[in-house]
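Reviewing the structure listed below.
These numbers come from a predicted model, not from an experiment.
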Amino acid sequence: MTSGVDSLNPAQREAVLHPGGPLLILAGAGSGKTRVITFRIAELLRRGVWPDRILAVTFTNKAAGEMRERIEKLTGGRARGMWVGTFHATCARLLRMYAEKVRLGRDFVIFDDNDQRTLVSRVLKDLGVADRFATPRAMLSAIDGAKNRGEGPDVFVGHDYFSDIVARVYPVYQERLEKANGVDFGDLLLKTLKLCGDPDVGKRLAERFDHVLVDEFQDTNRVQYDVVNHLAARLGNLCVVGDDDQSIYSWRGADVRNILDFERDHPTTHTVKLEQNYRSTQTILDAANAVIARNLERKQKRLFTEKGPGELLLYHTAEDERSEAQFVVRVMQKLAIEEERVPSDFAVFYRTHAQSRALEEALLSAELPYSVIGGIRFYDRAEVKDLLAYLRVLANPADEVSLERVINKPTRGIGESTYERVVARARASDETVWKTMEAIAQSGDGELTPAAKKKLSAFITMMDDLRNEFIVHDGSLGALADAVLERTQYVERLAADGSHESQERIENLLELTGSIKDYEGDVIAKEGMPPSIHDYLEQVSLVAPSDTEGKGVTLMTVHAAKGLEYPVVFVTGLEDGVFPSLRNGEDEDAMAEERRLAYVAITRAEERLFLTNARARRLFGQDARPFRESRFLADIPDHCIARPINQPRQRPSWMDRARDGARDGGGDDSGYAHRQEPPARKIERDGGISVEYDGDVSYDDVESTFRLGQRVRHAKFGEGEVRGFTGAGSDLKLTVYFPSVGPKTIIARFVELV
DNA sequence: GTACGGGCTATTTTT
DNA sequence: TAGCCCGTAC
């Protein structure tokens, strides 16, 4: 099936057909990037490259899944055996092949960020570090950062007060991790890189693949870059695809330099720019281009489309976050009628999760279905983590983080003091906590009371039984999970509590055991044999639940929006300090990244884009700082955007003013310069109220006057209800449903508010 | 061993 | 505002 190549544009075709060697594909937003990668892989297969000698890496499971699916569709079964996966999954796979080379057991477990945090807290406690700045979170991000740069605990050196603490904590953290036969996300990459440096394995790895393709290359960190280079070292067939303008994860270690310097690092690089956009209108692209153009250090690109200009962007300033949310909802209702949009056409973006609340409330009261992406994750729920921790201890008794979590959950009389004594002894004898527990249960320990000893024994016996019955003598994972919940009386205790919250927790646990059984069934169907508990745990650590596909209106952070597209997009909270965030002050690199974030947000929109902000915003319970609109708004060319002609502080509707008679005209003590509101005059005409307005009426004003469902009276038809809008300003027309005559389109001037 | 309340602190989070 | 940690009281 080669016919597809004809459907590509020249740049895309060039990228797909390029013979080999380093290939840099600069793929602008919406330029058909995934299409190009999949076509290129199909092309490689067509040329006779063995599928299992092709490696394609992505960042998300979703992207990997999509890629695999599309390749299969394109090539039939010919891609079987190809390596498609996330960086982390790919590294895990390689590490399991050569685990012993990096002093790991083959059954190593992966510590997710929660586990990492617990472990760091533990280490801080044990080392007696009590410093206001040495929070687990800060420590972790320092350690993570070091790992992303390729600095192991042996290499890391402190150079100031804070990093000196890190230098003390890091080695202990790493030691504990290794003792638990665990790796964190950073280790998956770093240890793979170490593998690459191994005299024996390194050579084999470099020869393992003929072609390496990397998606979202702008998000790679140093270590990922080095790994990828090594894997492609023999033939140099390294194809990287990315967009430096969409690099928004530097705080996670991503280094834009990887893409900016790629050509320098690989002098024979062939570069292809994909600039034709298949997603958005030209107006949206113009806005995006203008915003990103202000970043200095970037690969020049200019998106264009063959689509027409489409609608103007609309900018609206609301009084506070609640009326901002109301505006968003009203526009949705309006578009639902006028353009027959459905909730899933809409996406609302914000800079931080904390901003979702007001939007949720507004959507809720408008009875619009919505889903929030991100936020509290299923796998972060305490009860879910508890059950998983049981499974992990069963799979790997050396996992102390999980052991500490479950040893007294639900309470079984093994309190902190008992546990601490066991830990102390374990450290003294350089044994794992589990082994020490076993020893104590058997031979005793002067420091522990007989009662405590007995409880420890009971716990060990319970766990051993579970392990023997369900893991050693096969048995199923689902059955194991059920047995854990039953024998620990976990569910029983929750049920006894009887609260609504406990009920919810039980339901979450049922959902988890259900998903375990589903997973088990899927693997059996696909591979003919049941998965091991290690397979399952790896899957859980590496694969976030795919709740990404929300129903109804989608709410999410801009970060979460990358790679997605929606017909109608709202970018909210466009205030200096919120978006862009000024948490890092005016730092140039940070501001450049905020700008890229804005670029990502804008380029998600296919047809319509609404930009909103609020004059005052309550965040974290504090009243907001003085309002300044986002600096990014000023970069959007005038021809792209409909701005309000004024931004009255109280935003009284001009109809209200007309009715109340003209009051003093728009006094302004907001400290924010804006134009005077044009005078409005009320005139009686044709039985309705007509408002003459000098100049255009902004969208803003129209919206604040007539709402959907608003009751209005017309001289001829009597009372009715507003069902929709067309036109704007003095040409505004309403679709009004009159019980007497049905729906009628009425010029707004000729109705009166009821 | 647990339950409660005061005080503190708050981005973004693919894996 | 809300969630988390820690200290205190039972």
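Atom CG in A:Asn148 sits roughly 11 Å away from atom C1' in B:dT15 (whole-Å rounding). Spacing between atom CD1 of A:Ile248 and atom C1' of B:dT11 amounts to 13 Å, rounded to whole angstrom units. Here B:dT15 presents its C1' atom at 14 Å from CG of A:Leu140, a figure rounded to the nearest Å. Spacing between atom CD1 of A:Ile373 and atom P of B:dT13 amounts to 11 Å, rounded to whole angstrom units. In this structure, the CG atom of A:Asn408 is 6 Å from the P atom of B:dG1, given to the nearest Å. Rounded to a whole Å, the CG atom of A:Asp112 is 16 Å from the P atom of B:dT13. Following rounding to the nearest Å, A:Lys147 (NZ) and B:dT13 (P) show an atom-to-atom distance of 22 Å. Look at CG on A:Leu124: it is 16 Å from C1' on C:dC4, rounded to the nearest Å.
When the nucleotides B:dT15, C:dT1, B:dT14 are ranked by their closest atom to the side chain of A:Arg357, C:dT1 comes out on top.
Applying the 4.0 Å criterion to OP1 and OP2 of B:dA10, one finds that A:His353 has every side-chain N and O outside that range. Proximity of A:Thr352 to the phosphate of B:dA10: no side-chain N or O atom is located under 4.0 Å from OP1 or OP2. Between A:Asn61 and B:dT15 there is a side-chain polar atom (N or O) within less than 4.0 angstrom of OP1 or OP2.
With hydrogens and angles ignored, a donor-acceptor pair closer than 3.5 Å exists between the side chain of A:Arg252 and the base of B:dT13. With hydrogens and angles ignored, no donor-acceptor pair under 3.5 angstrom links the side chain of A:Arg351 to the base of B:dT13.
Applying the 6.0 Å contact sphere to CZ of A:Arg357 captures no more than 12 heavy atoms from other residues, nucleotides or ligands. For A:Lys194, the NZ atom counts as loosely surrounded, since its 6.0 Å shell holds 12 or fewer non-hydrogen atoms of other residues, nucleotides or ligands. Under a cut-off of 6.0 angstrom, the local environment of CZ in A:Arg294 is sparse, with at most 12 non-hydrogen atoms contributed by other residues, nucleotides or ligands. For CZ of A:Arg257, the number of neighbouring non-hydrogen atoms (other residues, nucleotides, ligands) closer than 6.0 Å is greater than 12.
A residue-by-residue look at A:Leu188 and A:Thr135 shows that A:Thr135 has its nearest nucleotide of DNA chain B further toward the 5' end. Nearest-nucleotide positions on DNA chain B place A:Ser581 closer to the 5' end than the other of A:Ser581 and A:Tyr249.
For A:Tyr170, the ring-ring contact (aromatic ring centres under 6.0 Å, His included) partners are A:Phe156, not counting sequence neighbours.
In this structure, A:Gln355 reaches neither bases nor backbone, as no heavy-atom distance under 4.0 Å exists between it and the strands shown. A:Arg117 comes within 4.0 angstrom of sugar-phosphate atoms only, judged by non-hydrogen atoms across all strands, and of no base. At the heavy-atom level, A:Ile414 lies under 4.0 Å from the strands shown only through sugar-phosphate atoms.
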Evaluation steps, ring pair (Phe, Tyr, Trp, His ring centres under 6.0 Å), between A:Phe570 and A:Phe349
CA-CA 6 Å; A:Phe570 298 84; A:Phe349 304 153; 9.5 Å; no
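The one candidate from A:Val183, A:Asp187, A:Asp399, A:Thr118 that meets the side-chain contact (heavy atoms from CB on, under 4.5 Å) condition with A:Phe111 is A:Asp399.
Within the structure, side-chain hydrogen bond (donor to acceptor under 3.5 Å, both in side chains) contacts touching residues 82-93 of chain A (residues at least two apart or in different chains) do not occur.
Taking the 5.5 Å centre cut-off and the 30° plane limit, the aromatic side chain of A:Trp251 is not classed as stacked on B:dT13.
Sorted by residue number, the members of residues 82-96 of chain A with any non-hydrogen atom under 4.0 Å from DNA chain B read A:Thr86, A:His88.
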